[in-house]
Amino acid sequence: MLKDGCLGKKNSKGFYHYDEKGKEKGFNTENLSKYFQKAESKVSAVDMVDRCVLLMVNEAAYILQEGIASTPEDVDIGMVFGTGFPPFRGGLLQYADHRGVDNIVKRLKELQAANGDHFQPCPLLEKMAAEKKRFFPNRPFVPYKERSGFPRVSY
């Protein structure tokens, strides 16, 4: 892009279009399509989310099993305030309860078979799944509809 003189705000050529005051006006679609090919992923959006979020659930279960955190509430409040986990989900372990610990263990085993042992379910999760337990057994189960798809950006 530099060789083609795309210097950004300096000459109003680059990733974005700029007005005369240097304010961004939007994507420079010509440059985006010229320099960046749209990648087609072999991994579905659901798999991407599961590979990230279920690893966090697994690690949270290890944190409880090893006594690093005392309660599931400690994990969830840390995730919401410390990492910005979506508060409307109630926290990471509340999300796990909603999805079902048995479903999470099953999915982790599928990911383990496909991607390696770093997806091996924590013994605490396996025990909870076998006993049909939840992290928050006294909370009412409030179903929500999972959103599907991601916002589309057109180039």
Side-chain angles (χ1 to χ4, degrees), residues 8-9 14-19 22-29 31-33 35-155:
K9 284 186 181 181
F15 293 110
Y16 304 102
H17 287 292
Y18 298 95
D19 64 15
K23 286 269 197 180
E24 180 186 310
K25 293 193 319 183
F27 286 114
N28 183 342
T29 55
N31 276 349
L32 288 175
S33 60
Y35 295 104
F36 300 97
Q37 295 178 5
K38 198 169 186 180
E40 292 299 323
S41 176
K42 294 176 184 166
V43 179
S44 72
V46 171
D47 281 346
M48 284 186 224
V49 171
D50 282 353
R51 289 168 68 169
C52 295
V53 175
L54 296 186
L55 276 177
M56 290 192 297
V57 170
N58 207 30
E59 288 301 315
Y62 274 116
I63 287 170
L64 287 173
Q65 179 179 303
E66 295 169 3
I68 296 168
S70 302
T71 66
E73 288 88 348
D74 293 341
V75 173
D76 277 1
I77 200 78
M79 288 300 296
V80 170
F81 289 116
T83 70
F85 192 84
F88 71 90
R89 297 239 186 253
L92 184 62
L93 298 179
Q94 178 65 37
Y95 167 80
D97 274 359
H98 174 79
R99 188 153 170 189
V101 175
D102 54 337
N103 293 328
I104 288 176
V105 168
K106 179 182 172 199
R107 184 68 176 127
L108 281 169
K109 288 181 179 180
E110 290 171 2
L111 290 169
Q112 179 184 7
N115 301 295
D117 286 339
H118 56 284
F119 286 100
Q120 181 177 0
C122 168
L124 176 62
L125 283 177
E126 290 185 307
K127 180 180 179 197
M128 289 177 68
E131 297 174 358
K132 305 240 183 269
K133 289 191 173 181
R134 296 175 25 197
F135 288 102
F136 302 103
N138 296 329
R139 288 187 186 173
F141 183 78
V142 180
Y144 59 84
K145 183 168 174 48
E146 193 66 43
R147 297 181 210 169
S148 63
F150 291 97
R152 300 281 181 223
V153 176
S154 59
Y155 296 116

| query | Are the side chain of Arg89 and the backbone of His98 linked by a donor-acceptor contact shorter than 3.5 Å? | reply | no
| query | If you measure from CG on Asp74 to CG on Leu93, what distance do you get to the nearest 0.5 Å? | reply | 10.5 Å
| request: State, yes or no, whether a side-chain contact exists between Val75 and Phe135 at a heavy-atom distance under 4.5 Å. | output: no
| field | Straight-line distance of Asp47 CG to Cys52 SG, nearest 0.5 Å | value | 11.0 Å
| query | Below 4.5 Å, heavy atoms only, C-beta onward: do Arg51 and Leu111 meet side chain to side chain? | reply | yes
| Is there a side-chain contact between Asp76 and Phe136, using heavy atoms and a 4.5 Å cut-off? | yes
| query | What heavy-atom pair brings Pro121 and Lys109 nearest, and what distance separates the two atoms? | reply | CG-CG, 3.8 Å
| remark: CE (Met56) and CD1 (Ile63) are apart, to the nearest 0.5 Å, by 11.0 Å
| field | Nearest non-hydrogen partners of Ala69 and Leu64, listed with the distance | value | O-CD2, 3.7 Å
| said: Using every non-hydrogen atom in the two residues, find where Ala60 and Leu92 come nearest and quote the distance to one decimal. | reply: CB-CD2, 3.9 Å
| ring pair (Phe, Tyr, Trp, His ring centres under 6.0 Å) with Tyr16: which residues, sequence neighbours excluded? | Phe27
| Would a 4.5 Å heavy-atom cut-off, applied to side chains only, mark Tyr62 and Pro123 as touching? | yes
| Do Val57 and Arg99 have side chains that get closer than 4.5 Å, going by heavy atoms? | no
| message | With heavy-atom distances below 4.5 Å as the criterion, would you say the side chains of Leu108 and Gln120 are in contact? | response | no
| field | Minimal non-hydrogen separation, Asn58 against Cys122, with atom names | value | OD1-N, 2.7 Å
| task | Quick one: closest heavy-atom pair of Arg107 and Asp50, and the distance? | result | NE-OD2, 2.7 Å
| In Å, rounded to the nearest 0.5 Å, how long is the span from CD of Glu131 to CD of Glu126? | 12.0 Å
| query | For the residue pair Val105 and Ala129, what are the closest heavy atoms and their distance? | reply | CG2-CB, 3.9 Å
| request: Report yes if some heavy atom in the side chain of Gln94 is under 4.5 Å from a heavy atom in the side chain of Met79; otherwise report no. | output: no
| query | Any side-chain heavy atom of Leu55 sitting closer than 4.5 Å to one from Phe119? | reply | yes
